[in-house]
Participant: 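Below you will find the structure I want to go over with you.
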Amino acid sequence: MENFEFVSPTHFVFGRGAEEQVGAKLAERGAAKVLLHFGGQSAVKSGLVDRVKASLDAQGVQHVELGGVRPNPEITLVREGVALCKQHGIDWVLAVGGGSVIDSAKAIAVGAHYDGDVWDFFETKRQTDDVLPIAVVLTIPAAGSEASKNTVVSNDALQMKSGYPNNAQRPKLAFMNPELTFTLPPYQTAAGLTDMFCHLLERFFDDVGAVPVTDNLCLSLMRTVRAEAPRVLAEPDNYDARANVMWAGMLCHQGLAGVGRHEDWATHGLEHELSALYPEITHGAGLAVMFPAWMEHVRGQNPGRFAFYGREVFGLAPTGDADADALSAIDETRAFFASLGMPTTLAELGVGEDDIEKMIPTLKANKGEPFGSFKKLSMDDAREIYRLAL
């Protein structure tokens, strides 16, 4: 097990009606004026935004609204949020939505007390503790951003999607009501399930040997996601299934499932270039295509690790041929994503071979060379993985 630091400051309010406690919990923490940040119209039409505002009003917590966060949030709206925070003296940022809204909120919170352009943090990865506190009302279990140290934002002008890790931007409060996810479209639910499963894969496959306590946590969560996925898609208003998925999604990316490991994150880097080039690509869908391709390319580095994963997650019987077992595990992974309705090729996402060279420069700028830890990858490796995904 490698040395590690782990920070987890999030106070979770989980269960039916959790969002009704927003005002009281923020008032307890001295919030006076919050930026209420949300996405499109679904949170408004469902009445959720109004319920959150009523909860704030009941406690005398003022609020300034900023909606319009898109999937794969963009820096332009973040800059608008930063300006609102400075103009109105905002002391908390409250995100109502899924990972895109929360990531946008984190970026706003980071930039609120900064004199320069908030994109500087994404370019330099410079750490700051001068971050507004963040609260979250989660509506889409997927990204795990409700408790993680990470945010990912796109810059359309640069055709770049970049992440920024900082423990200071972990949310202080997360309100998690599984009932808010009952009406999610099946595709969005499936993409979320894929995203959380891939967060575990990024941690399970790296260059560190066995770390039993962390490995078993990852494997247990993988089995849970795999078991709950068909249930939640068949019964979208099944509270227990939705609750298990919501809590698992947080655990998949909070960081606990990676302690003692280096983690890999090559595949997320490869996917980020897809959705930077084509922002309409859903992150989970892109990962469903890229992860099996990455697995095929790197499996020779440690086929036994893939065979172990196949046995523990998919119940595959060992054949005595580690590479064959590794390939079977990869096939099962691709089949699992396909069973959720996820794409299996880049062609299904409208991405062709001509797009590969468009992504390489920003991939290199974002990840450097070599990148990844399970196997150190070059830009030529990246090209081959993209080709395998076609």
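Start at 1 with the first residue, then count along the sequence.
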Participant: Quick one: do the Q254 and S8 side chains pair a donor with an acceptor below 3.5 Å?
Facilitator: yes
Participant: Quiz question: by atom type and distance under 3.5 Å, do the side chains of S145 and D103 form a donor-acceptor pair?
Facilitator: yes
Participant: Would F4 end up clustered with W265 when hydrophobic side chains under 4.5 Å apart are linked, directly or stepwise?
Facilitator: no
Participant: If you count the non-hydrogen atoms of other residues, nucleotides and ligands that lie under 6.0 Å from CG in D130, is the total more than 12?
Facilitator: yes
Participant: Any chance you could measure H199, atom NE2, to C252, atom SG, to the nearest 0.5 Å?
Facilitator: 8.0 Å
Participant: Is any side-chain heavy atom of F306 closer than 4.5 Å to a side-chain heavy atom of L327?
Facilitator: no
Participant: Just verifying a value: how many Å separate E74 CD and N155 CG, rounded to the nearest 0.5 Å?
Facilitator: 6.0 Å
Participant: Indicate yes or no: does R387 engage E353 in a salt bridge with an N to O separation below 4.0 Å.
Facilitator: yes
Participant: With no hydrogens and no angle check, just 3.5 Å: does a side-chain donor-acceptor pair link H272 and N72?
Facilitator: no
Participant: How many angstroms lie between OG1 in T333 and CD in E296, if you round to the nearest 0.5 Å?
Facilitator: 10.5 Å
Participant: Quick check: closest heavy atoms across I108 and V78, and the distance to 0.1 Å?
Facilitator: CG1-O, 3.6 Å
Participant: Would you check if K149 and V7 make a side-chain contact, meaning some heavy-atom pair closer than 4.5 Å?
Facilitator: no
Participant: Do the non-hydrogen side-chain atoms of R29 and P133 ever get within less than 4.5 Å of each other?
Facilitator: no
Participant: Does this structure show an ion pair linking R305 with D215, if we count only N-O contacts that are shorter than 4.0 Å?
Facilitator: yes
Participant: Please check if V22 and V34 belong to a single hydrophobic cluster, counting links between Ile, Leu, Val, Met, Phe, Trp and Tyr side chain heavy atoms closer than 4.5 Å.
Facilitator: yes
Participant: Between V136 and T10, is any pair of side-chain heavy atoms under 4.5 Å apart?
Facilitator: no
Participant: Would you call M250 and F12 a side-chain contact if the rule is heavy atoms closer than 4.5 Å?
Facilitator: yes
Participant: Is the side chain of R231 donor-acceptor paired with the backbone N or O of P236 at a distance under 3.5 Å, no angle test?
Facilitator: no
Participant: Can you check whether D120 reaches R126 side chain to side chain, under 4.5 Å on heavy atoms?
Facilitator: no
Participant: Does K376 pair with E369 as a salt bridge, N-O distance under 4.0 Å?
Facilitator: no
Participant: Measuring centre to centre across the rings, with the benzene-like ring taken for any Trp, is F121 within less than 6.0 Å of Y114?
Facilitator: yes
Participant: In terms of heavy-atom contacts, does CD of E5 have more than 12 from other residues, nucleotides or ligands at under 6.0 Å?
Facilitator: no
Participant: Taking all heavy atoms of S100 and all of P73, pick out the closest pair and write down the distance.
Facilitator: O-CG, 3.4 Å
Participant: Would E312 and R223 pass as an ion pair if we require N to O under 4.0 Å?
Facilitator: yes
Participant: Would you indicate whether the side-chain heavy atoms of M342 and E348 approach each other to under 4.5 Å?
Facilitator: no
Participant: For A276, does its backbone N or O pair with a side-chain atom of S154 as donor and acceptor, under 3.5 Å?
Facilitator: no
Participant: If every non-hydrogen atom of K86 is compared with every non-hydrogen atom of G111, which pair is closest and at what distance?
Facilitator: CE-O, 3.8 Å
Participant: When you measure from the side chain of R242 to the backbone of T181, do you find a donor-acceptor pair of N or O atoms at a distance under 3.5 Å?
Facilitator: yes
Participant: Once you measure the plane-to-plane angle for Y309 and F204, does it fall in the parallel (<30°), tilted (30-60°) or perpendicular (>60°) bin?
Facilitator: tilted
Participant: Decide whether Q301 and D207 meet the rule of one side-chain donor and one side-chain acceptor closer than 3.5 Å.
Facilitator: no
Participant: Of all the heavy-atom pairs spanning F374 and D206, show the shortest one and how long it is.
Facilitator: CD1-O, 3.3 Å
Participant: NZ of K172 to NE2 of H11: how many Å apart, nearest 0.5 Å?
Facilitator: 13.5 Å
Participant: For A307 and D325, which heavy atoms make the closest approach, and how far apart are they?
Facilitator: CB-CB, 3.6 Å
Participant: Report the residue from L35, L173, V61 that forms a side-chain contact (heavy atoms from CB on, under 4.5 Å) with W92.
Facilitator: L173
Participant: Applying a strict under-4.5 Å side-chain criterion to I, L, V, M, F, W and Y, I'd like to know whether F175 and V245 cluster together.
Facilitator: no
Participant: Checking E19 side chain against V49 main chain: does a donor-acceptor pair fall under 3.5 Å?
Facilitator: no
Participant: Do F197 and F336 have ring centroids that are under 6.0 Å from one another?
Facilitator: yes
Participant: Of the options R170, Q169, K106, which is the one that meets S148 in a side chain to side chain donor-acceptor pair (under 3.5 Å)?
Facilitator: K106
Participant: Say whether H268 and E202, considering side chains only, have a donor N or O and an acceptor N or O under 3.5 Å apart.
Facilitator: yes
Participant: Is there a donor-acceptor pair closer than 3.5 Å between any side-chain N or O of N366 and the backbone N or O of M160?
Facilitator: no
Participant: Can you tell me how far the CG atom of D355 sits from the CG atom of L346, to the nearest 0.5 Å?
Facilitator: 9.0 Å
Participant: Looking only at side-chain N and O atoms, does K25 offer a donor or acceptor that is under 3.5 Å from a partner on S55?
Facilitator: no
Participant: I'd like to know if the side chain of T319 and the backbone of D321 have a donor-acceptor N/O pair within less than 3.5 Å.
Facilitator: yes
Participant: Hey, does the side chain of Q127 reach the backbone of K125 with a donor-acceptor pair shorter than 3.5 angstrom?
Facilitator: yes
Participant: How far does OG of S162 sit from CD of E123, to the nearest 0.5 angstrom?
Facilitator: 8.0 Å
Participant: Angle between ring planes, F205 versus W294, binned at 30° and 60°: parallel, tilted or perpendicular?
Facilitator: perpendicular
Participant: Please report the shortest heavy-atom distance between L363 and L270, naming the atom on each side.
Facilitator: CD2-CD2, 3.8 Å
Participant: Are Q87 and L84 close enough that some pair of their side-chain heavy atoms sits under 4.5 Å apart?
Facilitator: yes
